[in-house]
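Data block below; observations after.
Along the sequence shown, the residues carry numbers beginning at 1.
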Amino acid sequence: MKVVIVGGVAGGATAAARIRRLDEHAEIVVFERSGYISYANCGLPYYIGDAITDPRALTLQTPGSFFSRFRVNMRVHHEVTAIHPDKKTVSVKNLETGEEFEESYDKLILSPGAKPTQPKVPGTGLDRVFTLRTVEDTFRIKTYINAHHPASAVLAGGGFIGLELAENLRALGMEVTIVQRPRQLMNPFDPDMAAFIHSEMRRHGVKLVLGRTVEGFAENGGGVDVLLKDGAPLRADMVVLAIGVTPDTALAGAAGLELGVRGSIAVNDRMETSIPDIYAVGDAVQVKHAVTGQDALISLAGPANRQGRIAADNVCGGDSRYPGSQGSSVIKVFDMTAAVTGLSEAGARAAGLDADKVILSPMSHAGYYPGGKLMTMKVVFQRSSGRLLGAQIVGYEGVDKRIDVLATAIHAGMKAADLKDLDLAYAPPYSSAKDPVNMAGFMIDNIRQGVLRQWFLEDLDRLPRDGSAVLLDVRTAGEYGGGHLDGFFNIPVDELRERLDEVERGKPVYVICQSGLRSYIACRILAGCGYEAYNFAGGFRFYDAVVRDRCLVESAAACGMDQ
């Protein structure tokens with residue numbers, strides 16, 4: 001059996017190694033148009049910022065080492081220019097010599113990946129305008145920085161690459177501005193959770209220009225102007241386009257393969273395309289979202305590697321199936337960690353699901369053990385069925401651990417309330433006896449039983465302020481004096497039982513505290529005494545962070561300033 005693989009990075013290299021492990025006698029040829037195989041895309045920004053100093057660390061394998069271990073013929077600087085399914089051949093061009101030839105195959109695996117999205121605006125070809133996707137891109141940026149010592153950079157795009165590159169350019173002492181068309185960074189997160197990411201970026205000196213559209217680039221002396229719609233240009237010494245990636249599927253389309261979302265390659269759960277004996281994996285393929293079952297395009301390294309393994313199994317006569325992607329991801333944001341899995345609240349509602357949520361602010365480990373830090377968790381579930389839909393966490397230590405537990409729970413099809421029953425490891429330096437994941441389950445179970453009723457930030461403007469409801473803040477007098485919501489009066493929770501006569505009966509009571517815990521206790525006291533009480537999800541800490549960010553974004557957008 002002869003297998004040809006187009007693309008030698010995550011999915012392609014994984015498929016090649018897996019085929020060899022399953023079939024010692026298969027002939028395996030990989031064509032990679034760049035000069036590198038099996039390289040660490042996710043590590044590229046960290047090389048630019050000198051967190052990784054050895055360029056060899058970026059390449060997990062070389063063509064030579066791959067051949068020595070697996071006897072796979074890795075041909076770099078070879079571009080596949082056409083696929084001929086009728087002849088079961090591919091046309092190939094040697095980019096070093098210009099030689100063109102055809103290569104036959106019995107099975108073909110496409111792993112072309114994705115290319116940086118290039119906006120159709122003037123100036124994208126300027127010398128000081130870069131993209132970051134390949135090792136060559138990385139070296140090009142690093143060489144420019146070392147030669148010209150730029151003092152400032154504008155990053156067009158606020159996703160994973162944009163944020164990681166911003167941190168690394170700041171580490172080099174550069175002034176950094178991120179421009180993003182949506183009014184938030186990191187679109188997999190809901191805007192309220194993205195507010196905490198914004199705060200961390202600003203705290204480290206990154207300027208944010210959100211809700212603005214880039215219309216082009218123009219040379220300006222020794223720098224470049226970033227032209228904004230309805231705004232003054234931004235001046236910088238260099239620009240990096242990081243506005244996302246587009247499936248690199250021109251080859252597949254020309255060969256007649258069925259295409260799907262945003263031009264991605266349509267595959268079934270065996271990673272088979274619409275043409276027999278041709279498989280496709282990685283950032284170029286359409287997958288099913290594991291939560292909704294809808295067609296989706298999810299470009300992440302983990303899914304690409306798993307898809308490469310599945311395609312290899314099936315090429316070798318197996319029957320492996322890809323269950324779909326749920327978008328689990330984590331990112332370092334300076335001193336903070338942000339992670340997400342499954343559907344956001346906005347994503348759940350867009351999919352037509354009756355989503356509910358809990359928001360909590362647990363400590364990363366036992367409060368009595370030194371060094372614990374708060375994290376903010378948002379867990380989304382389906383109101384009617386109780387099915388766990390997604391989660392977002394922003395914090396410091398322990399974020400990655402909790403998101404992985406929640407990702408596993410979603411994959412297993414657990415009910416959200418069942419999180420309370422998970423038997424999770426505990427020791428004071430690492431967690432609490434009631435782990436944050438368990439706490440989310442307790443809250444959701446309380447909602448299911450009618451023990452907890454919530455109100456949310458989006459309800460604030462609709463709260464009755466005509467005297468038909470009671471608005472109650474149960475923090476200490478000092479906390480209340482340091483800032484509170486208009487119209488809310490203060491009774492500390494520990495004084496509530498003795499001061500119930502101050503809470504007018506026969507009216508709903510909307511309660512808030514700093515994090516949501518004391519207000520929950522107050523709600524239970526009130527409910528036990530015959531009141532209809534609602535707890536504010538997230539507490540004043542959450543309200544303050546989200547509203548402050550919203551004001552910065554909206555005011556800056558209105559006057560065309562950075563934030």
Side-chain angles (χ1 to χ4, degrees), residues 117 119 154-167 176-214 226 228-231 234 240-245 298-300 327-334 336-351 355 357 359 375-380 390-395 399 403 456-458 460 537-538 541-563:
T117 302
V154 169
L155 311 181
F160 288 96
I161 293 296
L163 267 64
E164 290 168 347
L165 188 56
E167 177 177 346
V176 178
T177 301
I178 296 178
V179 183
Q180 170 90 327
R181 182 185 299 173
R183 292 195 173 191
Q184 69 168 86
L185 303 175
M186 296 299 294
N187 288 333
F189 291 79
D190 284 314
D192 50 10
M193 295 299 288
F196 294 90
I197 299 174
H198 297 172
S199 177
E200 183 73 359
M201 297 296 283
R202 296 187 188 105
R203 190 170 73 86
H204 285 86
V206 176
K207 299 175 182 178
L208 305 181
V209 180
L210 305 179
R212 308 307 296 270
T213 300
V214 174
V226 180
L228 302 180
K229 183 178 180 180
D230 301 324
L234 300 173
V240 181
L241 300 179
I243 59 177
V245 294
I298 298 176
S299 300
L300 292 168
S328 302
S329 55
V330 63
I331 184 171
K332 179 180 180 294
V333 185
F334 291 97
M336 183 177 276
T337 301
V340 62
T341 187
L343 294 175
S344 65
E345 180 186 3
R349 297 191 189 283
K357 64 195 172 191
I359 301 166
M375 64 178 71
T376 304
M377 295 178 60
K378 181 176 186 179
V379 180
V380 182
Q392 301 157 64
I393 312 177
V394 181
V399 168
I403 206 69
F456 303 101
L457 181 56
E458 57 265 31
L460 182 59
R541 170 182 172 270
F542 182 80
Y543 159 84
D544 189 53
V546 175
V547 171
R548 283 178 183 272
D549 177 70
R550 186 178 297 168
C551 290
L552 283 170
V553 173
E554 291 180 354
S555 62
C559 60
M561 298 172 60
D562 58 62
Q563 305 146 33

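Counting all heavy atoms, side chain and backbone alike, V399 lies closest to V394 at CG2-C, 4.3 Å. The nearest pair of heavy atoms linking R541 to F196 is NH2-CE2, 4.1 Å. In terms of heavy-atom proximity, D190 sits nearest to S344 at OD1-CB, 3.5 Å. Considering all non-hydrogen atoms of both residues, S328 and L300 come closest at O-CD1, 3.7 Å. When all heavy atoms of L155 and G162 are compared, the pair lying nearest together is CD1-O, 3.3 Å. Minimum heavy-atom separation, F189 to Q184: O-NE2, 2.8 Å.
When each of I178, V179, V553, D549 is paired with L208, the side chain to side chain contact (heavy atoms under 4.5 Å, CB included) condition holds for I178 and for no other.
Listed by chain and number, the residues in a ring pair (Phe, Tyr, Trp, His ring centres under 6.0 Å) with F334 are H204 (sequence neighbours excluded). With sequence neighbours left out, D544 forms a side chain to side chain donor-acceptor pair (under 3.5 Å) with R548. Here P119 pairs with V121, T124, L241, I243 under the side chain to side chain contact (heavy atoms under 4.5 Å, CB included) rule; sequence neighbours left out. Evaluation of the side chain to side chain donor-acceptor pair (under 3.5 Å) rule for R349 yields E345 as partners, not counting sequence neighbours. For E200, the side chain to side chain donor-acceptor pair (under 3.5 Å) partners are R203, not counting sequence neighbours.
For the pair T117 (side chain) and G244 (backbone), a donor-acceptor distance under 3.5 Å is present. Listed for the N187 side chain is no donor-acceptor partner under 3.5 Å among the backbone atoms of G159. Put simply, the side chain of H198 gets close to the backbone of L185: a donor and an acceptor are under 3.5 Å apart. Side-chain N or O atoms of Q392 include none that pairs as donor or acceptor with a backbone N or O of A194 at under 3.5 Å.
Put simply, the side chain of V226 does not reach to within 4.5 Å of the side chain of R212, judged on heavy atoms. Taking 4.5 Å as the limit, some side-chain heavy atom of R183 sits within range of a side-chain heavy atom of E554. Looking at heavy atoms from C-beta onward, T337 lies out of side-chain contact with I403 at the 4.5 angstrom threshold.
Going from atom CZ of F542 over to atom CG of D192 covers 4.0 Å, rounded to the nearest 0.5 Å. Separating the CG atom in L210 from the CD atom in Q180 is a distance of 7.0 Å, to the nearest 0.5 Å. Within the model, atoms CE of M193 and CE of M377 stand 8.5 Å from one another, a figure rounded to the nearest 0.5 Å.
For residues 156-167, the salt bridge (charged side-chain N to carboxylate O under 4.0 Å, His left out) pairs, not counting sequence neighbours, are E167-K332.
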Check the pair M186 / V333 against side-chain contact (heavy atoms from CB on, under 4.5 Å), numbers first and verdict last.
-> CA-CA 11 Å; M186 296 299 294; V333 185; over 6 Å; no
Where do L228 and V214 land on the side-chain contact (heavy atoms from CB on, under 4.5 Å) test, with the steps shown first?
-> CA-CA 5 Å; L228 302 180; V214 174; 4.1 Å; yes
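R181 CZ: 12 or fewer foreign heavy atoms inside a 6.0 Å radius.
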